[in-house]
Amino acid sequence: MNPVELAKNVYWVGAIDWMTRDFHGYSTERGTTYNAYLIIDEKVTLIDTVKEGYRRELMHRIRNIIDPKKIDYMVVNHVEMDHSGVLPEVIREIEPEKVICSKMGHKALMKHFHQADWPYHVVTPGEELSLGEKTLNFVETRMLHWPDSMFTYIKEDQILFSSDAFGEHLATSERFDDEVNQDVLMYEATKYYANILTLYSPLVKKLIQQVKDMQLPIKMIAPDHGVVWRTNPGKIMEAYSRWCVNEGNGKALVIYDSMWHSTEMMAKSIAAGLLDKGVNYKLLNLQVNHRSNVMCDVLEASAIILGCPTLNNGMLPRMAGFLMYMRGLRPTNKIGAAFGSFGWSGEAVKLMNTAMKEMNFTLVHKGLKVQYVPEHEHLKECIELGHTVGQALLDIREGKEVEEVI
Amino acid sequence: MDKYTCDVCGYDYDPEVGDPDNGVAAGTPWDQVPEEWICPVCGADKGAFEVA
């Protein structure tokens, strides 16, 4: 239960959640952490707190360094409950001199905890606050990913406390980027961006530019979930710079659900068509692939081909749920097409096309429907669909315009 | 010309500046901002805005 030192007098005092496997619909197979940071200076400062249930772990870590009553300032970078759930009890115990937050943070704190008498100190963007030897600087990051979000920066140590940006859901005994498996780290960081931040890509782009313009030297990035980037903060910054411009990797995803394997037969033939064109693909059956893992592939894929049979004039619930989830995250810059088997009516293909149109995907095929079980000729049409999407991807690679058919 | 603030995220629409990135030219008063325009920060619609 020891705290971990990031720099002289700057400590990680958060909590490790080895148990969580579902974060409001996001599958967290490797658990997560709730990071909080303690700065010892003339004004002792605590940055963020933890989720309800982890207060004792937080306080115990703090007590290993200092009596919590000596904490003067509390910084709330983000009001979401996994970082603020224990605030009322912690504030009662610590009795801080200031609760530092952004303008929207103040509003959100009031609407969460209904405490008008906390000693709020609302910072304006760019404001500096001296703690004695160290100076804090605050960067407003509205809608990254909540209205209240902000970053805190220690000038002297060049550490950026980035709240929910640059993090990943990963429970480990290690606290730093250089101590963990790099493939696991980057997979979880990708999944985090795909499931939390895709929607805010235009703002991420602006933020990265803003940080460059401010010329803040960044030695370390300390997010609210996962490990602290002490050796290679440039690696995650570079990844965000790539993700926020929706650069495609040239691959296609066939995302589908099936009732009696007819739609699945179609999916496999479409995949064969993609391969004919030399395009790499993944077949992702929603029965066995969790939506948040699928989003991880969607983030960088160049084409999305959706398959679903028609059930009661609509889509199967897993596809409907997946589309609701994907639409919320609003991935952009994708080629799209749809297919599916049907019995007596076949609305699913139209519904999937509509959903993709709403996400501004470029539909390169009008969609393919097959009644009941496909025959050889139908499967040849599926291969053709694969060829059409594959050719569109090859054209994009060569810088050619792709024609939208619906 | 009145400024309008987004009640969701606090973004200020300043008619003198407009929102050129999203097709609203500088100098566009609030009542001439298209109904389908959304807050460039949080995506809320025009109904979420109030006079600053």
Side-chain angles (χ1 to χ4, degrees), chain A residues 76-80 101-112 120 122-127 138-151 163-165 196-210 244-245 324 326-332 357-360, chain B:
Chain A
V76 181
N77 275 336
H78 182 25
V79 183
E80 197 168 6
C101 56
S102 68
K103 182 180 157 195
M104 297 309 286
H106 177 234
K107 210 170 157 181
L109 283 170
M110 287 294 289
K111 288 189 175 178
H112 274 76
Y120 300 106
V122 176
V123 288
T124 49
E127 182 175 330
F138 305 95
V139 185
E140 229 181 41
T141 56
R142 282 185 198 183
M143 296 318 296
L144 275 176
H145 66 118
W146 272 27
D148 55 82
S149 301
M150 70 171 187
F151 291 178
S163 180
D164 264 353
I196 307 269
L197 293 163
T198 305
L199 171 62
Y200 308 108
S201 285
L203 295 170
V204 173
K205 199 175 157 190
K206 274 189 192 161
L207 173 76
I208 288 174
Q209 192 53 47
Q210 190 187 339
C244 73
V245 294
M324 171 65 90
M326 177 158 75
R327 275 156 73 174
L329 289 161
R330 229 182 283 159
T332 52
K357 290 283 277 184
E358 281 174 15
M359 287 182 280
N360 293 321
Chain B
M1 286 193 286
D2 286 336
K3 287 183 187 175
Y4 279 75
T5 300
C6 175
D7 187 45
V8 178
C9 73
Y11 165 83
D12 287 318
Y13 177 80
D14 181 347
E16 283 180 22
V17 181
D19 180 18
D21 288 353
N22 297 295
V24 182
T28 308
W30 179 248
D31 58 6
Q32 283 176 33
V33 172
E35 284 308 311
E36 62 275 14
W37 178 84
I38 53 167
C39 173
V41 177
C42 74
D45 61 26
K46 275 187 82 177
F49 281 73
E50 281 171 11
V51 179

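When reading the values below, keep in mind they use all heavy atoms of this one structure, side chains included, and skip hydrogens, waters and symmetry mates. Protein chains get the first letters and strands the later ones, always in sequence-line order, with residue 1 at the start of each.
Two residues are said to be in side-chain contact when any heavy atoms from C-beta on lie closer than 4.5 Å; A:M104 and B:V8 fail this criterion.
Contacts of A:S201 classified as side chain to side chain donor-acceptor pair (under 3.5 Å), with partners at least two apart in sequence or in another chain: A:Y193. With sequence neighbours excluded, the residues forming a side chain to side chain donor-acceptor pair (under 3.5 Å) with A:K107 are B:D7, listed by chain and number.
The interface of residues 10-18 of chain B with chain A, defined by heavy-atom distances below 4.5 Å, comprises B:G10, B:Y11.
For the atom pair A:Y200 OH and B:C42 SG, the distance stands at 8.5 Å (nearest 0.5 Å).
Of all heavy-atom pairs between B:V41 and A:L203, the closest is O-CD1, 3.4 Å. The minimum heavy-atom distance between A:M143 and B:C9, with the atom names listed, is SD-CB, 3.9 Å.
The stretch residues 41-52 of chain B participates, sequence neighbours left out, in these salt bridge (charged side-chain N to carboxylate O under 4.0 Å, His left out) pairs: B:E35-B:K46.
Under a cut-off of 6.0 angstrom, the local environment of CE in B:M1 is crowded, with over 12 non-hydrogen atoms contributed by other residues, nucleotides or ligands.
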